[in-house]
Amino acid sequence: MNEKPPSKAPDKFLKPYDPAAVEGRIYKLWQDSGYFNPDKCLEDGLVTDMAKPFTIIMPPTNANGSLHAGHGLVMTIEDIMTRYKRMRGYRTLWLPGLDHAGFETQVVYEKKLEKEGRTRFEIEPKKLYQEILDFTLTNSANIKEQIKKIGASCDWSREKFTLDNDIVRTVYDTFKRLSEDGLLYRGKRIVSWCPKHQTSFSDLEIKDEERTEEFYYLKYGPFTIATSRPETKFGDKYVVMHPDDKRYAEYEDGQKISLEWINGPITATIIKDKAIDMEFGTGVMTITPWHDPVDFEIAERHHLDKEQIIDERGKLLPIAGEFVGMNIKKARPLIIEKLKAKGLVEKTDMNYKHVVRTCYKCGTIIEPQIKSQWFVHMKPLADKALEKIKSGEIEYIPEHYKKITTHWLENIIDWNISRQIVWGIPIPAKICQKCGEGFVDLDDKLRTCAKCGGDLIKDNDTFDTWFSSSQWPFASLGFPGSEDFKTYYPTDVMETAGEIIFFWVSRMIMLGLYVTGKMPFKTVYLHGLVLDAKGQKMSKSKGNVIDPLTLTAKFGTDAFRMGMVIGNTPGTSLALSEGKVSAYKKFANKLWNIARFIFENVNDVDMSVSYSANDVALIDVRDKLFKEITAEMDEYKFYIVAEKLYQYAWHQFADQILENSKHVFQNESAEGIASRKRLLVETLDKLLRALHPFMPYITEEIWSDMPVALAAGKGKKPLMVESWPIIT
RNA sequence: GCGCGCUUAGCUCAGUUGGUAGAGCGACCCCUUGACGUGGGGUAGGCCAGGGGUUCGAGUCCCUUAGCGCGCACCA
């Protein structure tokens, strides 16, 4: 037996692939090259100024958060898109951003305050804002490092934060423009109020919960009314029924009746309104306009009085008489007790199932309240968006999100954009102390109310964080005047979670169209949830949260990325397990050893030799594959491409071609050997290129270790900016 | 109630414009220590949820039933 010849592969190839020894160094190499920035690519002649731009705006990440599996997915998919397009010669920009995440962050900070024995209500707003800002900025370095860890090739020189001055300015301009166009109004309207968080919400921030509760049938004069909320009934002085209801034909609209109620005799007025469902309950109800949206609408229609019964903290007001100051939850049974004593409770249904609206964050029952808030009149914006969507100006992946979106847009309601929290962009407006009217005032000029002459004070509310983030695609690019905006807008792909199709994506479309006149992006790519190995939603309380950084540390980032993309079709959720990721670590090692085999066995190569008949057949198979995957990359079918490359590299290239090469090198003619060497080197070259968007670290590492004799003038620039294996 | 999906091998899922069912993981069997912290070869036979229809032909189009999931709107 001959002794093994000395290896020509670098020593590190004698050991398994070690991601920890590679990733930090490679990311630095990329960053130092400057090629995450398309301007630098242009400057160095890697793309021409004729090159088409390709732009992705990263969904701004919560600056205060840490990377979870969902982020891992975003970063992986967007990086694949970005690296692919960069290799295809596009002027590629992936713009990273951080989000102040208004309410979310404030809630986190409130918990911190709570631990310190403080509450936000005792801190002066400006000081509180500064505290949260410091807190957020301190933590933001963390999330950025984590994004880098996933290998994100985004242009950090263009990083934006949602509270940057220029962003805020853009948001203000939009606010003003909405006002000028009559699309903004300040209205005393019923809003969804969280008694714990002391702020209003949009309809999207409310979670419905089905509950079984008591349903009381109460005697209200000659009528019986049904309610699940007796604690709101103190002020009820209108009794409503359907105008066509024969049972109550004897009563007339506007008729007054006297009756005994919770705290004594009252006079009630009869109202006839078609909003009443004759089939439900007794077909009669009393209304509480201040605390119920339907009742509010009825009161508006008939110009009825509205009285507040429950305060902002969920406690009863003086109208409740002896129950004043009492928490509504506590008051309910006591009120029923009193009603029973007065003989006003006819019956109680103990198994009444209905839906209660709760705060998505704390689960507290939402207490509707009438408040003066800023609303955006959405119908015109939605109509414009619908027109463009229906005419096919935007592509949805998966396609059915288009239907979901149009359905939502067709039924859109006005958007409450003011929040009673300090952590956010202050609303640039003044409020009249006398009449409550609001005025947009960007430059702090207004002093007196144009309507009633009263004094104006600063509006203390902030914008719903989604109002500013809905402007992100153009705001982050420096709308309106910047070169970047001209070059990169409209952007190409908006890749984000299907969960926020309404919150964010649809609103970006509406505001993008409204402000710039153009669709903010050409394609919407929506991914699903990342679930645990058993297919369950990850949650802290269940303790099944998988930390992406634990996985990257254990198996390497490339393996993690493969685990994220393979088997992950758009819009469907992905079950993530250690086993899956570990399988791709093996694959990384396989690639490593493919390289080692070639480096050890091919000392030199002549890239101009003709191929043997046998190798031509192998090349046909290979090149057919590359043609297929290129088409699939263009269709965003990354899950297929990754799997095909895995399959080819392992079971074709390694199992068949490399194994067979051992015989070729021993038994065939010099021509045959030369042909095979060329095949090996060329295929490795193509494979590294094709795998690079998926597994950037190991491919870059192998690329940089390619022996000079095989590199043929390559290797001067990073693989990251080399070309995709075929040009179609 | 309205809307949107899903139901394919034990598990996770692919199946593009309709043409005699695929991958990964797992399982099982055999082999192997000079590219590989193992690897190679092989096996496993799923009425493509049920029913109906269109078609020469349907997992792939249409209708329908059932189960599951999600979204929206809600009746006091």
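Just so it is clear, the structure is predicted and the values come from calculations on it, not from any experiment. All chains are named by letter (A, B, ...) in the order of the sequence lines, taking the proteins before the strands, and each is independently numbered beginning at 1.
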message: For the aromatic rings, using the six-membered ring if either is Trp, is the centroid distance between Trp415(A) and Phe375(A) under 6.0 Å?
response: no

- prompt: Considering only the P atoms, how many Å lie between U16(B) and A73(B), rounded to the nearest integer?
  reply: 34 Å

query: At under 4.0 Å, does any side-chain N or O of His400(A) touch on OP1 or OP2 of C70(B)?
result: no

field: Separation of G40(B) P from Asn593(A) CG (nearest whole Å)
entry: 11 Å

- request: Look at the side-chain N and O atoms of Trp650(A) and state whether any lies under 4.0 Å from the OP1 or OP2 oxygen of G40(B).
  value: yes

- prompt: Counting only Watson-Crick or G-U wobble pairs whose two distances fall under 3.5 Å, which nucleotide matches U43(B)?
  reply: A27(B)

G50(B) to U7(B) separation - P atoms, rounded to the nearest Å: 13 Å

Nearest-angstrom distance from the residue atom CZ of Phe587(A) to P of C25(B): 11 Å

message: If the cut-off is 4.0 Å, is Lys662(A) near the phosphate of A35(B), judged by side-chain N/O to OP1 or OP2?
response: yes

- prompt: Are the ring centres of Phe599(A) and Phe13(A) closer than 6.0 Å?
  reply: yes

message: Taking 4.0 Å as the cut-off, does a side-chain nitrogen or oxygen of Tyr401(A) come that near to OP1 or OP2 on G71(B)?
response: no

message: What's Gln647(A) touching, base or sugar-phosphate or nothing? Going by heavy atoms closer than 4.0 Å.
response: sugar-phosphate

task: Name the nucleic acid region contacted by Thr282(A), choosing base, sugar-phosphate or nothing; use a 4.0 angstrom heavy-atom cut-off, strictly under.
output: nothing

task: Using the P atom as the reference point in each nucleotide, state the distance between U54(B) and C70(B) in Å, no decimals.
output: 37 Å

- prompt: Quick one: is A35(B) close enough that its OP1 or OP2 comes under 4.0 Å of any side-chain N or O from Tyr17(A)?
  reply: no

- prompt: Say you pick atom P in A14(B) and the same atom in A49(B); how far apart are they, in whole Å?
  reply: 13 Å

- request: Determine the interplanar angle of the Phe201(A) and Tyr360(A) rings, folded into 0 to 90°, and report it as parallel if under 30°, tilted if 30 to 60°, perpendicular if over 60°.
  value: perpendicular

- request: Would you kindly give the NZ-to-P distance between Lys403(A) and G5(B), to the nearest whole Å?
  value: 4 Å

message: I'd like the C1' distance from G1(B) over to C63(B), given in whole Å.
response: 22 Å

- line: pair_partner(C61(B)), Watson-Crick or wobble, both distances < 3.5 Å, evaluates to G53(B)

- request: Please tell me which of the listed nucleotides, G39(B), A35(B), A76(B), lies nearest to the side chain of Thr227(A)?
  value: A76(B)

field: Whole-Å distance separating the CZ atom of Arg596(A) from the P atom of A35(B)
entry: 8 Å

message: side chain to side chain donor-acceptor pair (under 3.5 Å), that's the test. Do Arg676(A) and Asn660(A) meet it? Break it down for me.
response: CA-CA 10 Å; Arg676(A) 181 51 60 94; Asn660(A) 174 259; 2.8 Å; yes

- request: May I ask you to say what Asn589(A) touches in the nucleic acid, namely base, sugar-phosphate or nothing, with a heavy-atom cut-off under 4.0 Å?
  value: sugar-phosphate

- prompt: If the P atom of A21(B) is compared with that of G3(B), how far apart are they to the nearest Å?
  reply: 36 Å

- request: Output the single nucleotide from G39(B), A35(B), A76(B) whose closest atom is nearest the side chain of Leu658(A).
  value: A35(B)

message: Please name the nucleotide paired to U16(B) by Watson-Crick or G-U wobble geometry with both distances under 3.5 Å, or report none.
response: none

- request: Using the six-membered ring of Tyr217(A), assess whether NZ or CZ of Lys347(A) lies under 6.0 Å from its centre and within 45 degrees of the ring axis.
  value: yes

- prompt: Can you tell me if the side-chain N/O atoms of Lys590(A) get under 4.0 Å from OP1 or OP2 in G40(B)?
  reply: yes

message: Looking at Lys580(A) and Gly563(A), would you say the former's side chain and the latter's main chain have a donor-acceptor pair under 3.5 Å?
response: yes

statement: If pairing means Watson-Crick or G-U wobble with both distances under 3.5 Å, then the partner of G34(B) is none

field: Integer angstrom distance from the C1' of C48(B) to that of C31(B)
entry: 35 Å

- line: note: His651(A), atom NE2; G39(B), atom C1'; distance rounded to Å ~ 11 Å

task: Using a 4.0 Å heavy-atom cut-off across all strands, classify Tyr352(A) as base, sugar-phosphate, or nothing.
output: sugar-phosphate

- prompt: Between Glu410(A) and Lys390(A), is there a salt bridge with N-O shorter than 4.0 Å?
  reply: yes

query: How long is the span from the CG atom in Asp273(A) to the CZ atom in Arg301(A), to the nearest 0.5 Å?
result: 4.0 Å

Distance, C1' atom - from A66(B) to G26(B), rounded to whole angstrom: 31 Å

- prompt: Salt bridge or not for Asp295(A) and Lys306(A), using N-O below 4.0 Å?
  reply: no

Rounded interatomic separation in angstrom, taking NE2 from His407(A) and P from G5(B): 12 Å

query: Can you say whether the rings of Tyr646(A) and His651(A) are parallel (under 30°), tilted (30 to 60°) or perpendicular (over 60°)?
result: perpendicular

- prompt: Hey, does Val355(A) reach any base, or is it just sugar-phosphate, or nothing, if we go heavy atoms under 4.0 Å?
  reply: base

- prompt: In Watson-Crick or G-U wobble terms, both distances under 3.5 Å, what is the partner of C70(B)?
  reply: G3(B)

- request: Pick base, sugar-phosphate or nothing for Lys585(A), based on heavy-atom distances below 4.0 Å to the nucleic acid.
  value: nothing

- request: Take Ala654(A) and Arg229(A), find for each the nucleotide of RNA chain B with the closest heavy atom, and name the residue whose nucleotide sits nearer the 5' end.
  value: Ala654(A)

- prompt: Which of these nucleotides, A76(B), G41(B), A35(B), is closest to any side-chain atom of Phe597(A)?
  reply: A35(B)

message: I need the NZ-C1' distance between Lys274(A) and A76(B), as an integer number of Å.
response: 20 Å

statement: A9(B) -> Watson-Crick or G-U wobble partner, both distances under 3.5 Å, gives none

- prompt: Tell me: CG of Asp11(A) to C1' of C36(B), nearest whole Å?
  reply: 17 Å

message: Side chain of Phe502(A) only, heavy atoms from C-beta on: which candidate in A73(B), G71(B), C36(B) is closest?
response: G71(B)

query: Taking protein heavy atoms under 4.0 Å as touching, what does nucleotides 9-16 of chain B look like 5' to 3' if B marks base contact, S marks sugar-phosphate-only contact and - marks none?
result: ----SSSS

- request: Remember a base hit wins even if backbone is also touched, and classify Asp292(A) as base, sugar-phosphate or nothing at under 4.0 Å, heavy atoms.
  value: nothing

- request: Run the salt-bridge test on Glu307(A) and Lys237(A) with the 4.0 Å N-O cut-off and return the result as yes or no.
  value: yes

